[in-house]
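In what follows, every heavy atom counts, from backbone to side chain, and hydrogens, waters and symmetry copies are set aside.
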Amino acid sequence: MRQDPIPPAVADRLSTAARRLRAARRSALDRVAVAETEWEYAGRTWSWPAGEEMTYFRELAPGECEVLDGLRADLDALAEGDGARSEPAAEILGVGTGRVAIAVPASVREGVTERENAEATAGGPLVAKLARYGPSAEMGDGRPQNRRERRIWSAVESHPFLPVLDGDADGDWIVMPRAEVPPDESVREEALDRVRRALMPHRERFHFDELKPENVGAYRGRYWIVDYGRPAGEPLFVDPPAESEAREAEPTGTEPESDADGSENRQDRS
């Protein structure tokens, strides 16, 4: 089996941070002590303490901020090594209901050989998705999302699903290549359209409500869906493409690299 795209020292830090992140949010929610409420949407009943206006629904709780600050410091220290920094520092790229995306500098993968590193991600930076705590899988718990993305990638291993290169067996975190999210505004509609058509054969796997600019990215000459952890099925608020749209087109003037679909880069820590 090929080596993981990140060394064990980084994996340990991600696992520790994810556990602390979940504990911090749960503690913060418990302290707020707001009664749970329910609301109707698309024929279903949804619940969350105080609904989407609940404190820490999307924004980070103070304890979560401290955890992420510590992780960023650890990753920056690993990336610096003995030389001068030549790449961006670790940074928080996005905060969702159930996960936090954080950049992982490419140089932290010093335990991977040059050849393997090039085959996996062309030496580029990675993104780690850390699971947050939530009262249910649908409303906040990021671990099922991470586990689902690993399962889909393991089954499909091809465009337009951005590769899952590594991950924790429990779903505390996964690692993907870093894509440009969202694509440049001048090509955004084209990117969404291309990904939508490419996803058509996978309509049973992917929830088309998630096809929005912040979930599509440009990577190695193609457009990819970068967030596909939400379960498919009801309620479906956005219709999948019709059968007549089932065709895949490459970006004009750009040829994808031969291994851009990551078909040989399947990783598993389970």
Side-chain angles (χ1 to χ4, degrees), residues 4-34 48-50 52-81 85 87-111 125-150 164-178 181 214-215 226-227 229-230 269-270:
D4 295 320
I6 57 174
V10 179
D12 290 343
R13 284 167 170 80
L14 293 177
S15 294
T16 299
R19 290 193 295 269
R20 291 175 176 171
L21 193 71
R22 290 174 49 76
R25 192 192 198 193
R26 181 168 191 168
S27 177
L29 287 173
D30 289 343
R31 289 196 300 271
V32 175
V34 177
W48 177 272
E52 292 195 12
E53 296 181 359
M54 172 65 183
T55 304
Y56 314 135
F57 184 80
R58 289 192 176 88
E59 71 273 18
L60 294 171
E64 290 181 293
C65 294
E66 294 175 5
V67 170
L68 293 172
D69 285 345
L71 175 60
R72 291 171 61 195
D74 285 347
L75 294 178
D76 285 345
L78 289 172
E80 287 175 358
R85 176 180 297 283
E87 61 183 324
E91 60 178 319
I92 298 173
L93 301 176
V95 178
T97 304
R99 298 186 288 185
V100 177
I102 185 166
V104 179
S107 58
V108 302
R109 288 170 290 161
E110 58 188 13
L126 305 178
V127 172
K129 295 181 179 180
L130 276 64
R132 304 176 72 193
Y133 165 78
S136 70
E138 283 186 328
M139 300 302 293
D141 192 333
R143 291 179 298 175
Q145 292 176 287
N146 281 341
R147 292 195 294 264
R148 177 172 168 75
E149 285 185 342
R150 291 187 74 199
V164 176
L165 300 171
D166 201 356
D168 170 75
D170 292 331
D172 281 337
W173 58 271
I174 59 173
V175 168
M176 292 175 157
R178 182 173 179 177
V181 180
E214 56 266 36
N215 287 345
V226 303
D227 188 335
R230 182 178 173 185
R269 285 186 178 274
S270 58

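- With values rounded to the nearest 0.5 angstrom, Met176 atom CE is found 11.5 Å from Leu126 atom CG.
- Checking side-chain atoms of Asp168 against main-chain N and O of Trp173 turns up no donor-acceptor pair under 3.5 Å.
- Nearest heavy-atom pair, Lys129 versus Val226, reported as atom, atom and distance to 0.1 Å: NZ-O, 2.5 Å.
- Considering every non-hydrogen atom in both Ala128 and Val104, the closest pair reads CB-CG2, 3.9 Å.
- Smallest separation of non-hydrogen atoms from Leu75 and Ala90: CB-CB, 3.9 Å.
- The only member of Ile92, Leu130, Asp76 that meets side chain to side chain contact (heavy atoms under 4.5 Å, CB included) when paired with Leu71 is Leu130.
- Using modelled atom types, no side-chain atom of Arg25 and backbone atom of Leu21 make a donor-acceptor pair closer than 3.5 Å.
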**Request:** Applying side-chain contact (heavy atoms from CB on, under 4.5 Å), run through Thr97 and Gln145 and close with a yes or a no.
**Result:** CA-CA 11 Å; Thr97 304; Gln145 292 176 287; over 6 Å; no

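- Ser15 and Arg19 form no side-chain donor-acceptor contact under 3.5 Å, judged by distance and modelled atom types alone.
- Contact of the Arg143 side chain with the Asp172 side chain is registered, since non-hydrogen atoms from C-beta on lie closer than 4.5 Å.
- Although no hydrogens or angles enter the test, the distance criterion places no donor-acceptor pair under 3.5 Å between the side chain of Glu64 and the main chain of Ala24.
- Closest heavy-atom contact between Asn146 and Gly171: ND2-O, 2.8 Å.
- With Asp141 as reference, Arg22 is the one residue of Arg147, Arg22, Arg132 to meet the salt bridge (charged side-chain N to carboxylate O under 4.0 Å, His left out) rule.
- Judged purely by atom type and a 3.5 angstrom limit, Arg20 has no side-chain atom pairing as donor or acceptor with the backbone of Gly63.
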